[in-house]
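So the structure is just underneath, and the comments pick up after that.
Since this is a predicted model, take the numbers as computed values, not measurements.
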Amino acid sequence: QVQLVESGGGLVQAWDSLTLSCSASGLPFISYAVGWFRQAPGKERELVGAITRYGITNYADSVKDRFTLSRDNAKKSAYLRMSSLKPEDTAVYYCTADSFRNVLSGASAYWGQGTKVTVSS
């Protein structure tokens, strides 16, 4: 059974930093791309960024230069380092895994339950 579990969310102040983690089990993690999506209240889910199995990253323009994706295949984990957080970054953040194309399109087979990030001004 495939499981993706996010952790690290919480309440922070604007300009703070926070790192989210995504821990995977039940799949050959090293062979999968990993993506992070977020969904703010009343808005559609949007791609934050994705990292290929080789460590190549892709970011949404809204988070470029502030967020950093990384992965540790030995730990079957991926990370989203968020810096200079803004109130508009407030959302539930989801981890997802599949082929890079499926991750980018939001058509991934596997999703976590999400972790909530709230950024106060």
Side-chain angles (χ1 to χ4, degrees):
Q1 181 183 357
V2 175
Q3 275 196 313
L4 298 176
V5 180
E6 303 94 336
S7 61
L11 172 63
V12 296
Q13 304 234 334
W15 298 104
D16 279 353
S17 297
L18 196 64
T19 298
L20 305 182
S21 300
C22 172
S23 178
S25 60
L27 78 170
F29 183 76
I30 196 171
S31 299
Y32 280 72
V34 176
W36 289 90
F37 282 73
R38 67 185 181 185
Q39 187 165 20
K43 294 189 177 182
E44 292 194 356
R45 188 159 55 184
E46 63 174 357
L47 175 68
V48 174
I51 183 167
T52 71
R53 56 192 286 189
Y54 305 110
I56 298 169
T57 55
N58 178 287
Y59 298 95
D61 287 342
S62 60
V63 305
K64 206 172 289 185
D65 299 326
R66 297 190 300 122
F67 289 12
T68 303
L69 289 162
S70 62
R71 63 189 295 160
D72 185 333
N73 291 330
K75 294 183 178 180
K76 294 188 177 182
S77 294
Y79 308 96
L80 177 64
R81 170 72 174 171
M82 305 183 292
S83 303
S84 302
L85 281 162
K86 305 174 181 179
E88 50 263 45
D89 294 318
T90 294
V92 177
Y93 284 72
Y94 298 90
C95 169
T96 182
D98 206 319
S99 68
F100 194 56
R101 181 171 68 177
N102 282 353
V103 165
L104 290 179
S105 67
S108 298
Y110 307 114
W111 293 83
Q113 294 299 306
T115 185
K116 187 174 183 180
V117 174
T118 303
V119 183
S120 64
S121 57

>> With a 6.0 Å cut-off (strictly less than), is the heavy-atom count around CG of L11, excluding the residue itself, greater than 12?
In response: yes
>> With a 6.0 Å cut-off (strictly less than), is the heavy-atom count around CZ of R81, excluding the residue itself, greater than 12?
In response: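 Yes, because the 6.0 Å sphere around CZ of R81 holds more than 12 heavy atoms from other groups.
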Quick check: is [Y] connected to [X] through a chain of hydrophobic side chains (ILVMFWY, heavy atoms under 4.5 Å apart)?
X: L20; Y: I51; answer: yes
X: M82; Y: V12; answer: yes
X: W36; Y: V119; answer: yes
X: F37; Y: V117; answer: no
X: L18; Y: Y59; answer: yes

> With distance as the sole test, does T19 use its side chain to make a donor-acceptor pair with the main-chain N or O of L80 at under 3.5 Å?
Replying inline: no
> Would you find a donor on one side and an acceptor on the other, under 3.5 Å apart, between the side chain of E6 and the backbone of C95?
Replying inline: yes
Determine all donor-acceptor pairs shorter than 3.5 Å in which one atom belongs to a side chain in residues 67-75; sequence neighbours excluded.
residue: R71; atom: NE; partner: N73; partner atom: OD1; Å: 2.8
residue: R71; atom: NH1; partner: Y32; partner atom: O; Å: 2.8
residue: R71; atom: NH1; partner: T52; partner atom: O; Å: 3.0
residue: R71; atom: NH2; partner: F29; partner atom: O; Å: 2.8
residue: R71; atom: NH2; partner: Y32; partner atom: O; Å: 2.9
residue: R71; atom: NH2; partner: N73; partner atom: OD1; Å: 3.1
residue: D72; atom: OD1; partner: A74; partner atom: N; Å: 3.1
residue: D72; atom: OD1; partner: K75; partner atom: N; Å: 3.2

Side-chain heavy-atom pair [X], [Y] within 4.5 angstrom cut-off:
X: S25; Y: K76; result: no
X: S21; Y: S77; result: no
X: C22; Y: Y79; result: no

Looking at [atom1] of [X] and [atom2] of [Y], how far apart are the two atoms once the value is rounded to the nearest 0.5 Å?
X: L4; Y: W111; atom1: CG; atom2: CH2; value: 10.0 Å
X: Q113; Y: Y94; atom1: CD; atom2: OH; value: 8.0 Å
X: F100; Y: N58; atom1: CZ; atom2: CG; value: 5.0 Å

> Are K64 and D61 close enough for a salt bridge, meaning some N to O gap below 4.0 Å?
Replying inline: yes
How close do [X] and [Y] get, counting heavy atoms only, and between which atoms?
X: S121; Y: P87; answer: CB-CG, 3.8 Å
X: S99; Y: A33; answer: C-CB, 3.9 Å
X: A78; Y: V34; answer: CB-CG1, 3.7 Å

>> Under the rule for side-chain contact (heavy atoms from CB on, under 4.5 Å), what residues qualify as partners of Q13, not counting sequence neighbours?
In response: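 By the side-chain contact (heavy atoms from CB on, under 4.5 Å) rule, Q13 matches D16, S120.
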Show me, pair by pair, the donor-acceptor contacts under 3.5 angstrom made by side chains of residues 41-50, not counting sequence neighbours?
residue: E46; atom: OE2; partner: R38; partner atom: NE; Å: 2.7
residue: E46; atom: OE2; partner: R38; partner atom: NH2; Å: 3.2

